[in-house]
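A short write-up of the structure that comes next.
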Amino acid sequence: MADNVDDTSLASLPPVYRVALGSARTQEFHLFAALFALDARLGRAVREASEPIIAQMKLAWWRDRFAQAPDEWPTGEPLLARLEQWGSAATQLGALVDGWEELVAGEELDAQGAERFAAGRAASWDALASVVGVSPDDGALAASAVQFTWGDLLGRGFELPLNSVSIDQPVRLPRSLRPFAVLGNLGRRAASKKRPMLDGLPSLALAVRTGLIGR
């Protein structure tokens, strides 16, 4: 149940993703842009659905696609076309779909649901890392995904019992994954200060610094 629209342009992405893309290297830019477009599409399916069942149907369509090999995907969906090059790593994107389903209920989200949402996003980040051919050590990529997700959820109006370790400890990622470091740092700052992800010059300065030196 695709939307049958091309929302893969840079201008259609949420501002925080456009900021993070500014730190992507040319050779990985298209990978990050496709993943961020998918995350935004799933988020919109949840946010704009008039009934939970509508959101679940849209999410189920994407889950079914990621259960298939890319060469079995239907044609005519621009975002799927951009994800085809991920090959077998695209199967991990089903976890991102499952994560978004935790938010379908709307106002209620317990700590376990928040953790499952974060785990789904972390799996999608790991999928991109595997396509790039890098493997961060010591759970750094998952920690960065959690930091971003906590800030993201707070920005969506959810109150969560936050894990201070996952928020307060910055992580280092390989240069090829620098956009994830930007998102992690922005999320960590937003969650710890209870502020919007992008709140003017301080957040933009953090994004630029992280984009340049990784922290």
Side-chain angles (χ1 to χ4, degrees), residues 2-49 55 58-59 61-62 65-66 76-86 89-90 92-93 95-97 99-100 103 117-118 120-129 131-132 141 144-158 173 176-191 195-201 203-212:
D3 291 336
N4 295 319
V5 296
D6 185 358
D7 58 0
T8 60
S9 69
L10 181 61
S12 69
L13 293 177
V16 69
Y17 281 148
R18 298 202 300 270
V19 168
L21 279 172
S23 66
R25 302 190 303 186
T26 301
Q27 58 266 47
E28 287 99 28
F29 184 93
H30 63 290
L31 296 172
F32 284 101
L35 177 58
F36 295 163
L38 173 64
D39 200 31
R41 173 80 71 87
L42 299 177
R44 193 175 69 250
V46 172
R47 183 180 68 253
E48 297 180 355
K58 290 186 176 184
L59 295 178
W61 188 90
W62 286 99
R65 300 294 74 75
F66 297 133
E77 167 50 66
L79 185 48
L80 278 182
R82 295 182 63 178
L83 292 166
E84 276 187 307
Q85 62 187 289
W86 289 46
Q92 292 177 255
L93 297 176
L96 180 61
V97 181
W100 274 106
L103 274 64
F117 180 47
R121 184 168 272 158
S124 73
W125 289 19
D126 186 66
L128 187 150
V131 175
V132 172
L141 188 58
S144 193
V146 168
Q147 290 170 348
F148 172 61
T149 300
W150 278 182
D152 184 27
L153 287 174
L154 285 170
R156 295 173 188 276
F158 293 100
L173 297 174
S176 57
L177 303 180
R178 188 64 54 81
F180 289 151
V182 172
L183 293 177
N185 273 348
L186 288 174
R188 180 168 58 89
R189 176 183 181 274
R195 297 184 63 85
M197 198 89 69
L198 296 176
D199 62 351
L201 287 178
S203 57
L204 291 178
L206 175 61
V208 170
R209 188 191 73 199
T210 305
L212 290 174

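Please read all numbers here as calculations on a predicted model, not as lab measurements.
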### Task
If the plane angle is over 60° it's perpendicular, under 30° parallel, otherwise tilted; pick one for F36 and Y17.
parallel
### Message
What verdict does the side-chain contact (heavy atoms from CB on, under 4.5 Å) test give for L153 and L103, after you've listed the backbone C-alpha separation in whole Å, the side-chain angles of each residue and the deciding distance to 0.1 Å?
### Response
CA-CA 10 Å; L153 287 174; L103 274 64; 3.9 Å; yes
Going from [atom1] on [X] to [atom2] on [Y], what distance comes out if it is rounded to the nearest 0.5 angstrom?
X	Y	atom1	atom2	value
S144	L173	OG	CG	5.0 Å
L128	F32	CG	CZ	5.0 Å
L93	F66	CG	CZ	4.5 Å
L83	Q85	CG	CD	8.0 Å
R121	D39	CZ	CG	4.0 Å
R195	R189	CZ	CZ	6.0 Å

Non-hydrogen atoms of [X] and [Y] that approach each other most closely:
X	Y	answer
G151	M197	C-CE, 3.6 Å
L10	R18	O-CD, 3.1 Å
V46	W100	CG2-O, 3.8 Å
G211	V182	N-CG2, 3.9 Å
L79	R41	CB-NH2, 4.1 Å
W86	S124	CZ3-O, 4.3 Å

### Task
Answer with yes or no whether the side chains of D126 and Q92 bring together a donor and an acceptor at under 3.5 Å.
yes
### Task
Test side-chain contact (heavy atoms from CB on, under 4.5 Å) on S203 and L186 and set out the steps.
CA-CA 7 Å; S203 57; L186 288 174; 4.0 Å; yes
### Task
Give a yes or no on whether L201 atom CG has more than 12 heavy-atom contacts from other residues, nucleotides or ligands under 6.0 Å away.
no
### Message
Could you walk me through whether D152 and F158 satisfy the side-chain contact (heavy atoms from CB on, under 4.5 Å) test, starting with their C-alpha distance in whole Å, then the side-chain angles of each, then the deciding distance to 0.1 Å, before giving a yes or no?
### Response
CA-CA 9 Å; D152 184 27; F158 293 100; over 6 Å; no
#### Entry: Chi angles and distances behind the side-chain contact (heavy atoms from CB on, under 4.5 Å) call for F148, W125
CA-CA 11 Å; F148 172 61; W125 289 19; 3.8 Å; yes
### Query
So, do T210 and F180 sit near enough that their side-chain heavy atoms are less than 4.5 Å apart?
no
